[in-house]
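See structure below.
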There are 2 protein chains.
Amino acid sequence: MQPPSPSEMAVLKTLWNEGALSAREVHARLGGPQDWSYSTTRTLISRMVEKGLVSRRDSHGLAVFAPALSKAAVLSGMVRRFSAQVFDLDAPLPASAFAGSPLLDDDDLAELETLLEQEGGEEEN
Amino acid sequence: MQPPSPSEMAVLKTLWNEGALSAREVHARLGGPQDWSYSTTRTLISRMVEKGLVSRRDSHGLAVFAPALSKAAVLSGMVRRFSAQVFDLDAPLPASAFAGSPLLDDDDLAELETLLEQEGGEEEN
DNA sequence: AGGGGTATGTTACAGATGTAGCGAACCTGT
DNA sequence: ACAGGTTCGCTACATCTGTAACATACCCCT
């Protein structure tokens with residue numbers, strides 16, 4: 001799994017929140033802080049489809065996008081990469097460190113914990 | 001502070017360990033896992049000098065490089081960026097999560113903790 | 001039928017990163 | 001004085017990321 005870039009993370013967060021959105025909707029939700037042109041938003045989404053980070057569905061002629069992977073799956077991957085890369089750690093960080101994240105409810109946190117505890121990266125699936 | 005890229009982190013780790021090294025020496029220490037050409041190692045080091053990540057000193061005609069920032073300074077920055085970017089967290093992660101890192105002795109860990117606890121990013125200094 | 005708005009695919013371009021080669025200058029042993 | 005090894009500064013080039021425009025095709029209203 002190619003990791004999402006920072007901008008791509010922003011898009012993913014929106015999709016995790018809202019489920020499935022058209023490009024226009026994604027753009028609207030990102031509105032304030034990102035300040036991209038609509039074109040930019042669309043380019044990001046396309047690249048994410050290529051990377052397999054989001055899936056594209058055609059709803060009555062309109063393209064609608066949804067996350068291809070769960071929050072926990074992506075985040076656990078990011079955490080693993082980070083701790084290996086930066087700290088040479090291969091034992092996982094405790095999921096509890098991320099409680100407090102506005103992205104995660106209790107279920108998400110539990111799932112993240114499970115994924116972080118599993119030995120070894122997830123390989124392909 | 002521009003964050004070090006993954007490859008640059010590898011170089012920094014070597015320098016934190018060994019103190020100050022010539023390009024040739026850095027290359028030798030990285031030997032196994034990285035498998036770069038010597039040219040690549042040198043390019044990385046140069047870019048890191050430009051970024052202010054390492055300093056260059058001239059020792060009897062030979063260029064010798066040393067880390068420009070402490071382990072704790074760099075790592076705390078990385079942790080902050082990561083937790084903000086990925087988890088929308090602005091409260092800091094607990095330094096204790098990184099005990100166990102082969103990079104950190106107790107002093108490093110204490111320093112890291114201090115830096116992580118400080119409110120707000122470090123600005124310029 | 002024509003005009004206005006929207007979606008989609010395609011293309012562009014700069015900067016960062018990974019990766020590496022080239023030529024000039026230099027030291028050192030023969 | 002020269003060959004061989006090494007350093008150093010420069011250049012190159014592909015890929016990824018950030019950022020965006022353009023040209024079509026399509027739909028709806030007047």
Side-chain angles (χ1 to χ4, degrees), chain A residues 1-15 20-66 74 77-78 81-82 84-86, chain B residues 1-15 20-66 74 77-78 81-82 84-86:
Chain A
M1 192 246 303
Q2 298 178 79
S5 76
S7 306
E8 291 171 342
M9 269 301 302
V11 173
L12 274 181
K13 286 175 190 169
T14 306
L15 291 177
L21 297 176
S22 70
R24 184 63 67 180
E25 289 169 329
V26 171
H27 186 62
R29 311 305 145 111
L30 291 171
Q34 263 65 18
D35 187 36
W36 298 324
S37 87
Y38 176 50
S39 217
T40 300
T41 305
R42 284 189 354 100
T43 301
L44 279 174
I45 295 176
S46 300
R47 288 179 182 170
M48 293 171 76
V49 172
E50 287 165 19
K51 286 192 186 179
L53 289 172
V54 313
S55 63
R56 174 183 177 145
R57 179 171 55 88
D58 192 299
S59 166
H60 312 288
L62 221 214
V64 169
F65 305 91
V74 171
M78 304 280 284
R81 254 186 303 274
F82 178 77
Q85 183 114 95
V86 175
Chain B
M1 193 248 302
Q2 295 178 81
S5 76
S7 306
E8 291 171 342
M9 268 301 301
V11 173
L12 274 181
K13 286 175 191 169
T14 307
L15 292 177
L21 297 175
S22 70
R24 184 63 66 179
E25 289 169 327
V26 171
H27 186 62
R29 310 305 144 110
L30 291 172
Q34 264 65 21
D35 186 35
W36 299 325
S37 87
Y38 177 50
S39 215
T40 300
T41 305
R42 284 188 355 99
T43 301
L44 279 174
I45 296 176
S46 300
R47 288 179 181 170
M48 293 171 75
V49 172
E50 287 165 19
K51 287 191 184 180
L53 288 172
V54 313
S55 62
R56 174 184 177 146
R57 178 171 53 90
D58 192 298
S59 167
H60 313 286
L62 222 215
V64 169
F65 305 91
V74 171
M78 303 281 284
R81 255 186 302 274
F82 177 78
Q85 182 111 94
V86 176

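Here is how names work: the chains are called A, B, and so on, in the same order as the sequence lines, proteins then strands, and each is numbered from 1. What you see below is based on every heavy atom in this structure, not just the backbone, and it leaves out hydrogens, waters and symmetry mates.
In this structure, the side chains of A:Val26 and A:Arg42 stay at 4.5 Å or more apart for every pair of heavy atoms.
At least one donor-acceptor pair under 3.5 Å links the side chain of B:Ser37 to the backbone N or O of B:Thr40.
The distance from atom CD of B:Gln34 to atom P of C:dT17 is 17 Å, rounded to the nearest whole Å. At whole-Å resolution of the value, CG in A:Leu30 and P in D:dT19 are 12 Å apart. In this entry the distance linking CG of A:Leu44 with P of D:dA20 reads 10 Å, nearest Å. As rounded to whole Å, 11 Å separates atom C1' of C:dG21 from atom CZ of B:Arg42. Rounded to an integer number of Å, the gap from B:His27 NE2 to C:dT19 P is 13 Å. D:dG18 atom C1' lies 12 Å from atom NZ of A:Lys51, rounded to whole Å. Rounded to an integer number of Å, the gap from A:Asp58 CG to C:dT8 P is 8 Å. For the pair A:Asp35 CG and D:dG18 P, the computed distance is 15 Å after rounding to whole Å.
Atoms CG and CE, on A:Leu12 and A:Met48 in that order, are 3.5 Å from each other to the nearest 0.5 Å. One finds the CG atom of B:Leu30 at 12.0 Å from the CD atom of B:Glu25 (value rounded to the nearest 0.5 Å). A:Ser39 OG to A:Leu44 CG: the interatomic distance, rounded to the nearest 0.5 Å, is 10.5 Å.
Judged by atom type and distance alone, A:Arg47 reaches the base of D:dT19 through a side-chain donor-acceptor pair under 3.5 Å. One N or O donor and one acceptor, one from the side chain of B:Ser39 and one from the base of C:dG21, sit under 3.5 Å apart.
Side-chain N/O atoms of A:Thr43 include none lying less than 4.0 angstrom from OP1 or OP2 on D:dG18. One finds no side-chain N or O of A:Ser5 lying less than 4.0 angstrom from the OP1 or OP2 phosphate oxygen of D:dT17. Within the 4.0 Å cut-off from OP1 or OP2 of C:dG18, not a single side-chain nitrogen or oxygen of B:Thr40 is found. The phosphate of D:dT6 has neither OP1 nor OP2 within less than 4.0 Å of any side-chain N or O from B:Tyr38.
Residue A:Ala63 is in sugar-phosphate contact alone, with no base atom involved, counting any heavy-atom pair closer than 4.0 Å across all strands shown.
For B:Ser37, the side-chain atoms get nearest to C:dA20 when compared with the rest of C:dA20, C:dG9, D:dC8.
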